[in-house]
Amino acid sequence: MASMKDYPAKALIVDGNFGAYTIYALQYNLKYNWDGGLYRRENDGKWGYYTALALQNFLKNRGHYKGKLDGDAKGMTWTAVSDYIYAKHGIIANQPDSWTWPATNGLGPGIQKWMNKVR
């Protein structure tokens with residue numbers, strides 16, 4: 001994609017990079033497509049508290065997240081993401097030893113495939 005704002009018209013490249021384009025796509029869906037706007041900030045492609053909190057709420061509303069809604073995405077959040085995208089879309093995300101950040105744990109491609117499927 002030439003620009004983050006090309007999404008959803010153009011699909012994400014599935015390269016495993018949980019960077020600005022992937023985060024923008026996630027924010028876009030959390031804002032416009034799911035649960036009446038869980039993400040209420042500007043879609044800027046930056047990971048932070050509000051994006052994580054919206055993701056946790058999304059997963060909780062679907063029964064996949066049982067943790068604290070704290071905007072701090074750690075192991076329980078990323079496990080819930082992996083479980084959800086497999087249960088709902090049949091997309092297998094790698095199960096790493098450590099769930100800290102999708103860019104380094106193999107979850108990035110799964111999230112990108114998910115964003116492409118729901119666009």
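Along the sequence shown, residues are numbered consecutively beginning with 1.
Without hydrogens or angle criteria, K117 side chain to H89 main chain gives a donor-acceptor distance under 3.5 Å. A donor-acceptor pair under 3.5 Å is formed between the side chain of Q56 and the backbone N or O of G71. The backbone N or O of N43 lies less than 3.5 Å from no partner atom in the side chain of K46, so there is not a single donor-acceptor pair.
How far CE of M115 is from CD1 of I85: 8.0 Å, rounded to the nearest 0.5 Å. Rounded to the nearest 0.5 angstrom, L26 CG and K31 NZ are separated by 13.0 Å. Separation of atoms CE (M4) and OH (Y21) is listed at 7.0 Å; rounding is to 0.5 Å.
L55 has its side chain within reach of W47: a pair of non-hydrogen atoms, C-beta onward, lies under 4.5 Å apart. Side-chain contact between I23 and F18 is present, with heavy atoms from C-beta onward closer than 4.5 Å. Residues W34 and N61 form no side-chain contact, since every pair of their non-hydrogen atoms from C-beta on lies 4.5 Å or further apart.
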>> Go through it in stages, so that I can follow the logic: the residues are N29 and Y7, the test is side-chain hydrogen bond (donor to acceptor under 3.5 Å, both in side chains), and I'd like the CA-CA distance, side-chain angles, deciding distance and then a yes or no.
In response: CA-CA 10 Å; N29 284 295; Y7 183 89; 2.9 Å; yes
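Looking at T77, D72, D70 one by one, the single match for side chain to side chain contact (heavy atoms under 4.5 Å, CB included) with K74 turns out to be D72.
With respect to the salt-bridge test (charged N to carboxylate O, under 4.0 angstrom), the residues R62 and D35 qualify.
Annotation for N17 and T22: closest pair O-OG1, 3.2 Å, computed over non-hydrogen atoms.
A single hydrophobic cluster is seen to contain both L38 and M76, as judged by linkage of ILVMFWY side chains at heavy-atom distances under 4.5 Å, directly or through other members. Following chains of ILVMFWY side-chain contacts shorter than 4.5 Å, one cannot reach V14 starting from I91, and the two form parts of different hydrophobic clusters.
Y24 and D6 are not linked by any side-chain donor-acceptor pair at a separation below 3.5 angstrom, with hydrogens and angles left out of the test.
Aromatic ring centres of Y84 and F58: separated by under 6.0 Å.
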